[in-house]
Amino acid sequence: MDRRMVEEGKSIAIISYLTIFGVIIAFYMNNEKKNPFAAFHFRQSLGLWLGFFGLGLIISNLDSWMASIALYIAFAVLFFYGFIAAIGGKAVPVPLVGNLFQKIFSGLGK
């Protein structure tokens, strides 16, 4: 990715990490432009949000505050990592699951 492409997609990439609605907004904003940098971060953020809600549903049935706190801390760190990478203009996958998200959602944003 060249520098111009990163700069054009940076705002969309940042928006995708803000909330689950940010993912939806980023998807539609990138629908016309098809910016690869924005699409990369959109896929990362979408995977994080779906993972957060999916694991949150499972952990909520455990009724353990320690498991809940661990979930929130783990996903906060992953979101922060992705958000900082988007601000810095880097297409770096989030640790542990980022490459998996790129494979699963490879058809989105292209």
Side-chain angles (χ1 to χ4, degrees):
M1 279 179 258
D2 63 348
R3 202 70 206 145
R4 182 187 56 81
M5 198 175 294
V6 169
E7 289 302 319
E8 287 177 0
K10 192 183 275 192
S11 62
I12 297 172
I14 292 169
I15 289 171
S16 70
Y17 287 102
L18 296 180
T19 64
I20 188 66
F21 299 114
V23 172
I24 297 166
I25 292 168
F27 176 75
Y28 285 109
M29 285 176 71
N30 195 40
N31 217 11
E32 290 178 13
K33 297 178 183 180
K34 305 287 187 200
N35 184 296
F37 180 74
F40 175 86
H41 283 286
F42 163 75
R43 290 190 294 267
Q44 294 288 298
S45 179
L46 177 64
L48 286 173
W49 281 111
L50 292 177
F52 175 72
F53 288 125
L55 286 174
L57 187 64
I58 294 168
I59 288 179
S60 67
N61 290 325
L62 298 177
D63 199 29
S64 169
W65 63 271
M66 287 176 47
S68 297
I69 289 173
L71 173 80
Y72 279 104
I73 291 172
F75 275 95
V77 168
L78 293 176
F79 273 108
F80 186 72
Y81 186 89
F83 185 72
I84 294 301
I87 289 173
K90 299 175 185 169
V92 180
V94 293
L96 303 175
V97 291
N99 290 324
L100 177 67
F101 295 154
Q102 291 301 313
K103 290 177 187 173
I104 292 173
F105 303 118
S106 63
L108 294 175
K110 288 187 177 181

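Given the structure is predicted, the values throughout are model-derived calculations rather than measurements.
Among all heavy-atom pairs drawn from Ala13 and Ala86, the shortest one is CB-CB, 3.9 Å. The two residues Pro95 and Leu78 have their closest heavy-atom pair at O-CD2, 3.7 Å.
Side-chain heavy-atom separations under 4.5 angstrom define the hydrophobic clusters, and the remaining members of the one that includes Met29 are Ile12, Ile15, Ile25.
Taking CZ from Phe37 and CZ from Arg3, the interatomic distance works out to 8.0 Å, rounded to the nearest 0.5 Å. We find the OG-CG distance between Ser68 and Leu55 to be 11.5 Å, quoted to the nearest 0.5 Å. Between the NZ atom of Lys90 and the CZ atom of Phe40 there is a distance of 12.5 Å, given to the nearest 0.5 Å. To the nearest 0.5 Å, the span separating OG on Ser45 from CD1 on Ile14 amounts to 12.0 Å.
No donor-acceptor pair under 3.5 Å is formed between the side chain of Gln44 and the backbone N or O of Pro93. Formation of a donor-acceptor pair under 3.5 Å by the Gln102 side chain with backbone atoms of Arg43 is not found in this model. Remark: the backbone N or O of Phe83 is not paired with any side-chain donor or acceptor of His41 at under 3.5 angstrom. Lys10 places a side-chain N or O within 3.5 Å of a backbone atom of Ile87 that can act as its donor or acceptor partner. The backbone N or O of Met5 lies less than 3.5 Å from a partner atom in the side chain of Asn35, making a donor-acceptor pair.
Placement of Met66 and Leu71 in two distinct hydrophobic clusters is found when ILVMFWY residues are connected by side-chain heavy-atom separations under 4.5 Å, directly or transitively. Taking hydrophobic clusters as Ile, Leu, Val, Met, Phe, Trp and Tyr residues chained together by side-chain heavy-atom distances below 4.5 Å, Leu62 does not share a cluster with Ile69. There is no path of hydrophobic side-chain contacts, each under 4.5 Å, that joins Ile20 to Leu57.
Among Leu46, Leu48, Leu50, the single residue meeting the side-chain contact (heavy atoms from CB on, under 4.5 Å) criterion with Phe101 is Leu48.
Residue Asn61 qualifies as enclosed at atom CG: its count of foreign heavy atoms under 6.0 Å is above 12.
Within the structure, ring-ring contact (aromatic ring centres under 6.0 Å, His included) pairs that include any residue of residues 52-73 comprise Trp49-Phe53, Phe52-Tyr72, Phe52-Phe75 (at least two apart or interchain).
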